[in-house]
2 protein chains.
Amino acid sequence: MAIDTTPSSLTPLSPILEAAQECFVEQGYHGTSIRVIAARAGLSVPGLYHHYRSKQQMLQDVMKHAMTSLYRQSEDALAAAETDPLAQFNALVGCLVRFHAFERAPAFIAYSEIRSLDEEARREHIARRDAQQRLMDQVVEAGVAAGEFTTPHPTEASRAIVTMCTSVAQWYRMDGPLTPDELVDRYLAIARMTIGARG
Amino acid sequence: MAIDTTPSSLTPLSPILEAAQECFVEQGYHGTSIRVIAARAGLSVPGLYHHYRSKQQMLQDVMKHAMTSLYRQSEDALAAAETDPLAQFNALVGCLVRFHAFERAPAFIAYSEIRSLDEEARREHIARRDAQQRLMDQVVEAGVAAGEFTTPHPTEASRAIVTMCTSVAQWYRMDGPLTPDELVDRYLAIARMTIGARG
DNA sequence: CTCTTCCGACCGAGCGATCGCTCGGTTTAG
DNA sequence: CTAAACCGAGCGATCGCTCGGTCGGAAGAG
């Protein structure tokens, strides 16, 4: 029985999109030619176009996959946690940190290539981004309403916490000084201080 | 006597680099052709190349200007503040927030186009970025040593604070719901909670 | 003062290379 | 035999960049 070695990714990407994702991370969308995607995927250029309509569509699929993966994991984490505000908060922050630390490629693209999306796809992406932010907003709001969180600025604190977790994708290395567990523990502690969790 | 209307920018950019900067923000470096930079600057393509060696050099100049502006402002803010840790911290966080809110274009490019830099320029840029981070690290360290800041994770908290300030450039709008003063006040309050400032 | 020279600022046209993408096939699995 | 999977070659467009100039104003010569 095989062990799932990609704990954060619910559904795997196709090899082609995986290749495209890596190229987009390293060179950016406009800096990546379809020829290097094809070479990385072990295909010819027409081989690529047999599976995907355009380079733009590859980007859209990669970004949609990233956002829906994160959202689904967030929902699961919230559903699996106790219902009190602090437990919900810990679950969501932990999920955010893990995703951005262990799924760096999709996480990085999800916020660095927004401007490369066609207008309609960009609107959809931003809607997904806002929905993700709203999860945190609601958890923080609930904690403030329950008197568990003492921050005087729930909206801004919520955004600050999401962005500090998001940017973990920019610097975290699995082989760096912090183990995954240490990383999550420390960011949980920091995030709790940021919203002013009691205790 | 003229009033300086660009409070965050110590030295102005040339009109050409200003045009390049705007294009890079909107389309990204690889998504921007020199022809659109030229059009935006009101010049022909050879006109551009009379002043700058290459598109790459324009990017390097824009990014270097952004980083050195921020660093100089940070030094000035620290020098102008009282020497106690909390005052130094407030000065540095305020400076960071103001720069990323009011100088959105250079701030955005400074962290979104790193991968578009040539290898040597990228090394230099990252060195400047690290120096900027070190300013915050030192202030936080001093506060922890003085018993003013209670965070159990100074290094990670320092990075979290810098990144939450940095990402202000991604969403803040001058004509949005938050006035500049409100923005700075709230981020100061949030950052103080994040490092666990007493009182 | 005029005339000549010179130089920095600028541009029309276009170079070779590469871009995203497609045509007209062949190969391969069932 | 069919259909999905795949590819060599190459299309028109655009890329970064340059060639060979024009032009106006400052500087020097008479």
Side-chain angles (χ1 to χ4, degrees), chain A residues 11-65 105 109 112-122 124-125, chain B residues 11-65 105 109 112-122 124-125:
Chain A
T11 57
L13 273 180
S14 77
I16 293 176
L17 290 185
E18 195 75 47
Q21 188 176 74
E22 290 167 17
C23 292
F24 293 159
V25 167
E26 291 166 21
Q27 320 281 346
Y29 175 74
H30 289 297
T32 299
S33 76
I34 52 159
R35 280 163 244 263
V36 332
I37 300 177
R40 195 139 180 170
L43 286 178
S44 66
V45 170
L48 277 196
Y49 280 92
H50 179 74
H51 296 277
Y52 297 95
R53 208 179 319 119
S54 64
K55 185 174 118 174
Q56 172 68 209
Q57 200 211 345
M58 296 180 206
L59 177 66
Q60 294 181 11
D61 286 2
V62 162
M63 292 183 74
K64 181 169 184 176
H65 183 267
I109 289 176
S112 66
E113 291 297 350
I114 299 176
R115 67 187 165 194
S116 302
L117 287 170
D118 282 352
E119 189 162 318
E120 190 189 337
R122 185 164 58 241
E124 291 175 11
H125 177 86
Chain B
T11 56
L13 274 180
S14 77
I16 292 176
L17 290 185
E18 196 74 47
Q21 189 176 75
E22 290 167 15
C23 293
F24 294 159
V25 167
E26 291 167 20
Q27 322 280 347
Y29 176 74
H30 289 297
T32 300
S33 77
I34 53 157
R35 278 163 245 263
V36 331
I37 298 176
R40 193 140 181 170
L43 285 178
S44 66
V45 170
L48 276 195
Y49 281 91
H50 179 76
H51 297 276
Y52 297 95
R53 209 178 319 116
S54 62
K55 186 174 116 175
Q56 172 68 211
Q57 200 211 345
M58 295 180 204
L59 177 65
Q60 293 181 12
D61 286 2
V62 163
M63 291 184 74
K64 180 169 184 175
H65 183 266
I109 289 175
S112 67
E113 292 296 349
I114 300 177
R115 67 187 165 192
S116 302
L117 287 170
D118 282 352
E119 189 163 318
E120 189 189 339
R122 187 164 56 241
E124 291 175 11
H125 177 86

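All of these numbers come straight from a predicted model, not from anything done at the bench.
- Nucleotide dA9(D) holds its P atom 14 Å from the CZ atom of R35(A), rounded to whole Å.
- The separation between Q57(A) atom CD and dT22(C) atom P is 12 Å, rounded to whole Å.
- Nearer to the 5' terminus of DNA chain C, by closest-nucleotide assignment, is the contact made by H51(B) (compared with the other of V45(A) and H51(B)).
- Remark: the T11(A) side chain and the H65(A) side chain contain an N/O donor-acceptor pair separated by less than 3.5 Å.
- The separation between K55(A) atom NZ and dT18(C) atom C1' is 12 Å, rounded to whole Å.
- Put simply, S33(B) has a side-chain N or O that comes within less than 4.0 Å of OP1 or OP2 on dC15(D).
- Between dT22(C) and Y49(A), no contact under 4.0 Å exists linking OP1 or OP2 to a side-chain N or O.
- The side chain of P46(A) sits closest to dC23(C) out of dC11(C), dC23(C), dC19(C).
- A straight line from CD1 of I34(B) to C1' of dA17(C) spans 14 Å, rounded to a whole angstrom.
- The separation between I37(A) atom CD1 and dT18(C) atom P is 17 Å, rounded to whole Å.
- With rounding to whole Å, L43(A) atom CG is found 16 Å from dG20(C) atom P.
- Between the side chains of S44(A) and Y49(A), no donor-acceptor pair of N or O atoms lies under 3.5 Å.
- As a whole-Å value, the separation of L48(B) CG from dG16(D) P is 11 Å.
- Of the charged side-chain nitrogens involved, at least one lies within less than 4.0 Å of a carboxylate oxygen, so that E22(A) and R40(A) count as a salt-bridged pair.
- Closest contact between the side chain of H50(A) and the listed nucleotides dG16(D), dC6(D), dT18(D) involves dC6(D).
- Side-chain atoms of S54(B) and Q57(B) form no donor-acceptor pair, as typed in the model, at a separation below 3.5 Å.
- Computed from coordinates, the F24(B) CZ to dG16(D) P distance equals 9 Å when rounded to whole Å.
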